[in-house]
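Single-structure report; data block below.
Residue numbers count from 1 along this sequence.
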Amino acid sequence: MAMFPGRPTLLIGTAALALPVAAALLALVPPADHPQAAAARPLPSGALPPRIAAASLGKMTFEEEFRSLDAGTDQTRPARPHRWRTVNGYGGPDAADNRALSRTTLAVDRNYAGVGGKKPLGIDPFSTSADGLTITARKAPAALAPALFGRSWTSGLLTTKFSFAQRHGYFEAVMDIPVCEKGMWPAFWLLPTTLGWPLHGEIDAPEAIGDGKLYWSTVSKASGRKEETHAITKPSCERGFHAYGILWRPDRIGFYYDRALVGQAATPADYTEPMFMILNLTVGGSWPGEPPATTTSATMRVRSVRVWDGYR
């Protein structure tokens, strides 16, 4: 599918109330008529560009095209970390929380031996090709449930926790994700390098839960309690690659679909730490619900992940 075909529609009204927490819809700013219009005239103070202009992106600070995959299960930061980490890092290498994506999905990799196992189970959710990375979620045979902490699905998680983090700039993943496949929960999101969530925040850009919508969010504890804001957009259900972007500035955060602005929010006061990137495909959970019994696999494809330091 061609890039920049147009922008999705913002849903308002009761759509926001369907979220699991109270949410405030973010303002939608229509894009300019021309892709380079943002660079052609000065922006008002505090305004976000209606479209991302390549000339304003600044220096590229991270680039991944997945010609191969440098990934590992680093529990603590090694002298030479893998570029991508395949675990959450919670509870130690043998804990369920180290790999849990939902109550039904476990993040695995080709070396995962299962609970108490000595040899790899032979389940690899990651594959690379000239078109980038594919993360495949698979329904596991019932006999494997004990090795998977009782989970019925395997899938993949990648983070840059030990290899890359940045405060402010433009973060973009070009992905083909399942938006309309019931029970599938793909996500491109950012978390701070320091512990204490939701302190210092979370940015989701975006998540999908199989209902035909994209959920772009910020999470904060700047007020002393957890607060969230959400923009909800409705793209086409047709599978294809699109650019999903986050413009994080000191004053505002913008969400971009094919580099057109679709939502924004004020930057919370506790967004003071660099954030690392996360890619994952989860199946099931209380928010998306479970997929149909006939569903046995799903994919999330990532052509590239890039970060720039511009638009500050």
Test salt bridge (Lys or Arg N to Asp or Glu O under 4.0 Å) applied to K182 and E290, step by step: CA-CA 7 Å; K182 180 175 171 52; E290 301 307 313; over 6 Å; no
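- The shortest heavy-atom contact between P125 and R138 is CA-NH1, 3.9 Å.
- By the 4.5 Å heavy-atom criterion applied to side chains, Q75 and Y90 are not counted as neighbours.
- With contacts defined as side-chain heavy-atom distances shorter than 4.5 Å, the pair T218/F255 qualifies.
- L199 and W197 fall into different hydrophobic clusters, where Ile, Leu, Val, Met, Phe, Trp and Tyr are joined by side-chain heavy atoms under 4.5 Å apart, directly or via other members.
- T160 places no side-chain N or O within donor-acceptor distance of the main-chain N or O of W84, the cut-off being under 3.5 Å.
- We find the OG-CZ distance between S56 and R51 to be 14.5 Å, quoted to the nearest 0.5 Å.
- There is a path of hydrophobic side-chain contacts, each under 4.5 Å, that joins F171 to V305.
- Of the inter-residue distances, the one linking I203 atom CD1 with S217 atom OG reads 10.5 Å to the nearest 0.5 angstrom.
- Between F162 and D74, the shortest heavy-atom contact is CE1-O, 3.5 Å.
- Smallest separation of non-hydrogen atoms from G212 and P235: O-CD, 3.5 Å.
- Side-chain N/O atoms of D131 and S129 include no donor and acceptor closer than 3.5 Å.
- There is a side-chain donor-acceptor pair under 3.5 Å between E228 and H230.
- Judged purely by atom type and a 3.5 angstrom limit, R99 has no side-chain atom pairing as donor or acceptor with the backbone of P93.
- Within a 6.0 Å sphere centred on CZ of R67, other residues, nucleotides and ligands contribute more than 12 heavy atoms.
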I52 vs Y170, side-chain contact (heavy atoms from CB on, under 4.5 Å): CA-CA, chis, key distance, verdict: CA-CA 9 Å; I52 293 296; Y170 184 66; 3.7 Å; yes
R306 and E172: CA distance, side-chain angles, deciding distance, salt bridge (Lys or Arg N to Asp or Glu O under 4.0 Å) verdict: CA-CA 5 Å; R306 296 184 176 93; E172 180 181 84; 5.3 Å; no
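- Between W185 and Y215, the distance from one ring center to the other does not fall under 6.0 angstrom.
- Between the side chains of H82 and S163, no donor-acceptor pair of N or O atoms lies under 3.5 Å.
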Candidate pair S155 and L101, rule side-chain contact (heavy atoms from CB on, under 4.5 Å), full reasoning: CA-CA 8 Å; S155 190; L101 293 178; 4.3 Å; yes
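- Side-chain contact between L158 and N280 is absent, with no heavy atoms from C-beta onward closer than 4.5 Å.
- For the residue pair W189 / E207, no side-chain donor-acceptor distance below 3.5 Å is found, with atom types taken as modelled.
- I246 and M175 fall within a single hydrophobic cluster, where Ile, Leu, Val, Met, Phe, Trp and Tyr side chains are chained together by heavy-atom contacts under 4.5 Å.
- No side-chain donor-acceptor contact under 3.5 Å links T159 to the backbone of M277.
- Scanning all heavy atoms of the two residues, the minimum distance from L157 to I278 falls at CD1-CG2, 3.5 Å.
- The CH2 atom of W308 lies 11.5 Å from the CG atom of L247; values are rounded to the nearest 0.5 Å.
- For the residue pair T136 / T134, no side-chain donor-acceptor distance below 3.5 Å is found, with atom types taken as modelled.
- Within the 3.5 Å criterion, the main-chain N or O of F126 finds a donor-acceptor partner in the side chain of D124.
- Separating the SG atom in C180 from the NZ atom in K234 is a distance of 6.0 Å, to the nearest 0.5 Å.
- Residue L148 holds its CG atom at 6.5 Å from CG of L121, rounded to the nearest 0.5 Å.
- Between Y256 and L48 there is a side-chain heavy-atom pair separated by less than 4.5 Å.
- Contact record, D176 with R239: OD1-NE, 2.6 Å, taken as the closest heavy-atom pair.
- Between the R151 side chain and the S102 main chain, a donor and an acceptor come within less than 3.5 Å of each other.
- K139 is not listed as a side-chain neighbour of T295, based on a closest heavy-atom distance of 4.5 Å or more.
- Put simply, the side chain of N98 gets close to the backbone of G89: a donor and an acceptor are under 3.5 Å apart.
- Using a 3.5 Å distance cut-off with no hydrogens or angles, the side chains of E273 and Y271 do not pair a donor with an acceptor.
- For the pair S304 and F66, the minimum side-chain heavy-atom distance is 4.5 Å or more.
- V87 and M300 fall into different hydrophobic clusters, defined by Ile, Leu, Val, Met, Phe, Trp and Tyr side-chain heavy atoms under 4.5 Å apart, directly or through other members.
- In terms of heavy atoms, L214 sits closest to P206 at CD2-CG, 4.0 Å.
- Checked by atom type and distance alone, the side chain of N88 pairs as donor or acceptor with a backbone atom of D97 at under 3.5 Å.
- Judged purely by distance below 3.5 Å, without hydrogens or angles, the side chains of T61 and Q166 pair a donor atom with an acceptor atom.
- Distance CZ/R167 to CZ/R249: 14.0 Å, rounded to 0.5 Å.
- Counting heavy atoms from C-beta on, the side chains of T154 and T105 never come closer than 4.5 Å.
- Side-chain N or O atoms of D109 include none that pairs as donor or acceptor with a backbone N or O of T86 at under 3.5 Å.
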Residue pair R85, D70: steps toward the salt bridge (Lys or Arg N to Asp or Glu O under 4.0 Å) verdict: CA-CA 9 Å; R85 186 190 197 199; D70 175 17; over 6 Å; no
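- When the side chains of ILVMFWY residues are joined at heavy-atom separations under 4.5 Å, either directly or via intervening members, L279 and F276 end up in two distinct hydrophobic clusters.
- Note: F62 and F164 have tilted aromatic rings, judged against thresholds of 30 and 60 degrees for the angle between ring planes.
- The shortest side-chain heavy-atom distance between T299 and P178 does not fall under the 4.5 Å cut-off.
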Stepwise side-chain contact (heavy atoms from CB on, under 4.5 Å) check, E227 with V219: CA-CA 6 Å; E227 294 184 339; V219 183; over 6 Å; no
Working for salt bridge (Lys or Arg N to Asp or Glu O under 4.0 Å), residues E64 and R83: CA-CA 9 Å; E64 174 67 86; R83 189 162 219 200; 3.5 Å; yes
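- Of the residues listed (T229, T233, D204), the one engaging W216 in a side-chain hydrogen bond (donor to acceptor under 3.5 Å, both in side chains) is T233, and it is the only one.
- Between the side chains of S220 and D270, a donor-acceptor pair is found at a separation under 3.5 Å.
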